[in-house]
Amino acid sequence: MNRNNWLLLKHGIVIDPSQGIEQEPMDILVEDGRISAIGHQIPPPGSADSGEILDLTGKWVVPGLIDIHVHLREPGQEYKETIETGTRAAAAGGFTAVASMPNTSPPNDSAEITRSILARAKEKGSCRVYPVAAITKGQAGESLTEFGDLLDAGAIAFSDDGLPVSDAAVMRLAMEYSLNFHALIISHAEELSLSRNGCMNLGNVSTRLGLRGIPAAAEEIAIFREIKLAELTGARLHIAHVSTKGSIEIIRRAKEQGVRVTAESAPHYFTLTEEAVEGYNTFAKMNPPLRTEQDREAIIQALADGTLDAIATDHAPHDILEKECEFEAAANGIIGLETALPLTLELVEQGAITPLRMVELISTAPASIIRQDGGSLKQGSPADITVIDPETEYEITRDLFRSRSFNSPFLGRRVRGRAALTICQGRITHQLSR
Ligand SMILES: [Zn+2]
């Protein structure tokens with residue numbers, strides 16, 4: 001809408017959990033970066049040359065998608081991804097905001113780095129960027145960062161993601177400290193003494209391939225510890241990339257007991273299993289690893305019943321040389337920003353979740369977990385809007401990706417549904433050519 005004063009979205013099928021709107025044909029008027037009206041038969045506010053009317057018949061109109069777990073790799077690993085390319089991939093995938101994890105090089109453990117990420121995002125970004133700052137200096141797991149300074153600089157949560165905070169006393173201190181600022185702690189839950197030598201899930205496939213396995217217990221023990229510490233301190237805890245059935249059972253019980261915990265899983269954990277590693281496929285190597293069919297089914301169930309609050313991608317770009325090597329030596333992680341939406345739509349197609357629940361998982365709940373704007377199409381809200389074409393069928397190919405990397409296990413997969421239009425703060429950041 002760069003040259004337009006207004007944008008009128010006509011006849012889209014609106015889905016907005018924040019207002020209880022489930023698939024209702026409505027119009028939305030965007031003015032000055034905000035939603036100035038939502039309703040039926042909204043007239044254009046001015047002459048045709050001062051704005052634009054888009055007919056969205058047959059398309060879904062939802063609050064902008066929010067991914068609270070992304071690795072943008074800048075500063076320091078710009079050969080994998082930059083804030084510019086990563087946010088362009090986000091916009092193409094339908095996202096209007098991403099939370100960027102701190103395991104850059106150097107790690108984001110200072111107000112200066114947080115500010116530089118935000119400045120870069122403002123200059124080159126195609127979506128909002130919410131920096132997550134490190135819990136410990138240098139992500140070394142020893143001494144805490146300056147939470148107050150980091151929050152003042154614009155950090156929105158704390159995590160040592162990429163690594164766990166292995167020392168329970170340090171994590172306890174971090175949680176106690178977080179209370180002073182009402183800050184969120186995001187846990188990468190991993191017991192390194194159990195996972196350290198492994199490169200895939202421990203089970204029949206790892207035995208067959210002769211690869212060292214990571215037991216589900218490496219994740220579950222760590223999640224249990226984090227929950228006990230949250231219970232002890234009263235801190236607000238978010239568990240990243242949940243991958244096992246046992247983890248879900250622990251989180252479910254904690255929620256029943258009133259612990260302030262939320263949790264996310266990623267599309268690859270509800271789409272793939274350890275079988276994807278067959279043939280030593282390094283594009284199926286990530287941490288935590290792909291698990292079993294039983295785990296996959298438990299994750300889908302937990303996304304439906306609310307035990308899992310959000311879907312986040314753990315978008316982790318790597319250069320091809322870091323993946324074209326022996327399985328044990330290959331880097332962990334896959335890109336996810338441009339495949340998350342069609343993979344989540346598969347759950348809708350299967351009837352596992354409703355479209356309303358999908359939008360809650362990938363927009364409304366993430367906004368509320370990180371306590372930022374977005375996740376709503378209410379009048380007066382920032383105009384962060386995603387328009388989904390739910391019908392278009394296509395194959396995921398390398399040339400589709402705006403990301404600088406293409407390490408995806410979904411290359412070659414036939415999918416249905418795509419972001420047709422992404423609007424961030426009233427500005428069109430992605431539009432499929434018609
Ligand atoms: Zn992690």
Side-chain angles (χ1 to χ4, degrees), residues 67-73 77 80-81 86 98-105 107-109 130-136 138-141 145 155-167 170-171 174 184-196 198-201 214-227 237-244 247-248 250-251 261-270 272 284-291 295 299 308-318 322 330-337 340 366 369-370 405 407:
D67 187 348
I68 54 175
H69 196 137
V70 168
H71 299 274
L72 290 177
R73 304 299 192 203
Q77 295 178 313
K80 296 176 196 257
E81 193 80 284
V98 299
S100 62
M101 285 297 164
N103 60 336
T104 45
S105 180
N108 179 13
D109 62 358
Y130 296 125
V132 176
I135 293 172
T136 65
Q139 291 193 252
T145 55
I156 57 98
F158 297 90
S159 178
D160 270 0
D161 187 60
L163 291 167
V165 175
S166 287
D167 188 316
V170 174
M171 186 52 116
L184 177 69
I185 300 282
I186 302 175
S187 166
H188 167 116
E190 178 180 5
E191 174 52 51
L192 284 177
S193 63
L194 293 174
S195 64
R196 191 172 277 138
C199 57
M200 71 170 294
N201 184 51
I214 301 171
E219 175 178 314
E220 292 156 4
I221 288 169
I223 290 180
F224 190 73
R225 187 201 79 171
E226 308 297 48
I227 283 172
L237 170 68
H238 178 75
I239 309 282
H241 43 56
V242 171
S243 74
T244 81
S247 299
I248 285 159
I250 293 165
I251 294 163
V261 59
T262 53
E264 76 193 28
S265 189
H268 39 277
Y269 300 119
F270 63 70
L272 302 176
K285 183 180 178 189
M286 69 274 296
N287 185 27
L290 295 170
R291 306 288 188 177
D295 295 304
I299 284 165
L308 289 170
D309 302 87
I311 292 170
T313 66
D314 198 0
H315 178 82
H318 290 292
E322 296 165 312
N332 279 312
I334 64 164
I335 59 169
L337 284 166
I369 291 167
I370 61 170
S405 297
N407 50 308

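Just so you know, ligand 1 is whichever comes first in the structure, and atom 1 is the first atom listed for that ligand. Quick caveat: nothing in here was measured; it's all calculated off a predicted structure.
Residues passing the side-chain hydrogen bond (donor to acceptor under 3.5 Å, both in side chains) test with His188 are Asp161, Glu190, His241, sequence neighbours excluded. Every residue two or more places apart in sequence or in another chain was checked for a salt bridge (charged side-chain N to carboxylate O under 4.0 Å, His left out) with Glu191, and none qualifies. Under the rule for a side-chain hydrogen bond (donor to acceptor under 3.5 Å, both in side chains), the partners of Ser243 that lie at least two apart in sequence or sit in another chain are Glu219, Arg291.
Closest of all the heavy-atom pairs between Ala99 and Ile156 is CB-CD1, 4.4 Å.
By the 4.5 Å heavy-atom criterion applied to side chains, Ile227 and Ile251 are counted as neighbours.
Residues Thr313 and Asp67 bring a donor and an acceptor atom of their side chains to less than 3.5 Å of each other.
Note on the Zn ion (ligand 1): protein N/O/S atoms under 2.8 Å are Asp161 OD1, His188 ND1, His241 NE2.
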